[in-house]
Amino acid sequence: MIPINTTQRTDTRLLDALSSESSSTRLQAALAAGTHPDARFVDTLVARCAIEPDFFVRDMLTWALTRLPSESTVPALLAELGSEVAQARSQALHTLSKIGDAGTWPAITRSLLHDADDEVARSAWRAAVVLVPDGERKSLATDLAAQLGRGDRTMRLSLSRALVALGDEIEPALREGLASADPEVRVHARATERLLRDPDADFDPAVDEAKRIAALGPERTREHDADR
């Protein structure tokens with residue numbers, strides 16, 4: 001009788017569970033992979049991130065990857081940044097931001113920051129503000145501010161949060177946005193400026209106020225407020 005290798009059996013069971021039709025089974029498998037980290041599973045976990053449809057499972061996969069040695073995970077994640085699959089790029093960026101290896105900053109390219117896929121761009125923005133070295137913060141602020149006015153409310157809020165995370169470095173870039181000929185850019189820039197001054201402010205009222213100022217002009221807005 002050929003002896004059964006317990007380790008091989010456990011590995012097969014985990015791999016099968018990660019591709020199960022049940023999201024709860026996949027979640028438990030990702031949890032197990034992180035609870036008992038094994039560098040042999042890096043490629044499997046990274047590959048699953050690219051196709052996993054459930055947000056909570058993806059988040060658990062990211063956690064599992066952060067539990068593994070960065071010398072094993074980082075090269076695999078960096079390779080994913082060039083994938084044609086948007087989710088692969090997005091999840092790799094998200095995981096790199098959680099690992100926080102400053103040496104991965106050069107991989108956060110302008111192409112990723114301006115990716116046509118909104119989720120990839122949002123993940124790149126979040127990763128960038130975590131990984132950016134001090135000497136690159138102003139340049140990053142300019143690059144991010146160039147996208148003011150992009151997308152829907154969710155996109156604009158994400159961009160504003162990324163900009164605000166850079167602090168006062170964003171002020172010159174915001175001034176350019178405030179002078180834009182595009183009213184959407186001006187409104188977004190002013191709402192972001194409001195959040196910079198008051199990080200606890202709600203985004204939607206900040207946008208509403210920015211629209212009011214854009215419609216009336218700063219001087220008329222002050223006169224209008226004084227008459228109320």
Side-chain angles (χ1 to χ4, degrees), residues 23 46-63 65-66 77-100 104-132 136-137 139-166 169-170 173-174 176-178 180-196 199 201-208 210-211 214:
S23 60
V46 170
R48 186 67 208 178
C49 284
I51 60 174
E52 173 55 52
D54 187 281
F55 169 81
F56 296 103
V57 179
R58 292 199 302 272
D59 214 38
M60 191 65 76
L61 288 167
T62 285
W63 173 77
L65 285 164
T66 64
L77 292 167
L78 292 177
E80 289 292 276
L81 298 184
S83 172
E84 294 183 359
V85 179
Q87 184 171 302
R89 300 195 302 277
S90 176
Q91 282 300 120
L93 286 162
H94 174 64
T95 307
L96 287 169
S97 74
K98 295 299 183 182
I99 293 172
T104 60
W105 161 250
I108 313 300
T109 62
R110 194 170 187 276
S111 176
L112 289 168
L113 292 170
H114 292 261
D115 200 284
D117 185 275
D118 286 349
E119 286 306 311
V120 176
R122 291 175 66 205
S123 295
W125 300 341
R126 289 191 291 264
V129 297
V130 170
L131 300 170
V132 62
E136 299 288 342
R137 293 172 72 85
S139 175
L140 176 60
T142 300
D143 221 351
L144 294 182
Q147 299 183 77
L148 286 166
R150 174 178 174 174
D152 59 11
R153 175 192 179 278
T154 300
M155 279 295 287
R156 295 184 187 190
L157 176 57
S158 292
L159 182 55
S160 290
R161 284 175 171 167
L163 283 163
V164 168
L166 294 173
E169 297 281 8
I170 70 171
L174 283 184
E176 288 191 24
L178 291 170
S180 171
D182 186 335
E184 293 295 323
V185 172
R186 293 199 303 274
V187 165
H188 193 185
R190 195 170 294 281
T192 304
E193 183 182 51
R194 167 77 184 277
L195 293 182
L196 179 64
D202 290 331
F203 184 66
D204 290 330
V207 170
D208 290 340
K211 287 180 177 178

Review point. What distance do Asp152 atom CG and Asp118 atom CG have between them, rounded to the nearest 0.5 Å?
Key: 6.5 Å

Point to revise | Test item: Arg186 side-chain N/O and Ser180 main-chain N/O as donor-acceptor pair under 3.5 Å | key: yes

Quiz: residues 107-114 side-chain donor-acceptor pairs under 3.5 angstrom, not counting sequence neighbours:
from: Thr109; atom 1: OG1; to: Leu112; atom 2: N; distance (Å): 3.3
from: Arg110; atom 1: NE; to: Asp143; atom 2: OD1; distance (Å): 3.1
from: His114; atom 1: NE2; to: Asp143; atom 2: OD1; distance (Å): 2.7

Review point. Side chains of Val130 and Leu96: closer than 4.5 Å at any heavy-atom pair?
Key: no

**Study point:** Shortest non-hydrogen separation from Ala145 to Leu163 and the atoms involved
**Key:** N-CD2, 3.9 Å

Revision key, fill the gap. Heavy atoms of Ser160 and Thr192 approach each other most closely as OG-OG1, 2.7 Å

Point to revise | Spacing of Gln87 atom CD and Arg58 atom CZ [to the nearest 0.5 Å] | key: 4.5 Å

Point to revise | Which atom of Leu148 lies closest to which atom of Ala189, heavy atoms considered | key: CD1-CB, 3.8 Å

Check your understanding: Distance-only, no hydrogens or angles: does the Arg89 side chain make a donor-acceptor pair with backbone N or O of Gly82 under 3.5 Å?
Key -> no

Practice item. Report yes if some heavy atom in the side chain of Leu77 is under 4.5 Å from a heavy atom in the side chain of Leu81; otherwise report no. Key: no

Review point. Any side-chain heavy atom of Leu159 sitting closer than 4.5 Å to one from His188?
Key: yes

Revision key, fill the gap. Rounded to the nearest 0.5 Å, the CZ atom of Arg194 sits from the CG atom of Asp202 at a distance of 9.0 Å

Check your understanding: Which heavy atom in Gly177 sits nearest to a heavy atom in Val185, and how many Å separate them?
Key -> O-CG1, 3.7 Å

Check your understanding: Quick check: does any side chain N or O of His94 sit under 3.5 Å from a backbone N or O of Thr62, one acting as donor and the other as acceptor?
Key -> no

Revision key, fill the gap. Sorted by chain and number, sequence neighbours left out, side chain to side chain donor-acceptor pair (under 3.5 Å) with Arg122 holds for Glu119, Ser158

Check your understanding: Once you round to the nearest 0.5 Å, how far does CZ of Arg150 lie from CG of Leu144?
Key -> 11.0 Å

Check your understanding: Are the side chains of Val132 and Leu166 in touch, meaning some heavy atoms are under 4.5 Å apart?
Key -> yes

Check your understanding: What heavy-atom pair brings Ala127 and Ser97 nearest, and what distance separates the two atoms?
Key -> CA-CB, 3.7 Å

Revision key, fill the gap. For Glu169, the side chain to side chain donor-acceptor pair (under 3.5 Å) test, sequence neighbours excluded, returns none

Exercise for review: Kindly say whether Gly149 contributes a backbone atom to a donor-acceptor pair with the side chain of Arg156 at under 3.5 angstrom?
Suggested key: yes

**Study point:** CG on Asp115 to CH2 on Trp125, rounded to 0.5 Å
**Key:** 10.5 Å

Check your understanding: Is the CZ atom of Arg137 crowded by more than 12 outside heavy atoms at less than 6.0 Å?
Key -> yes

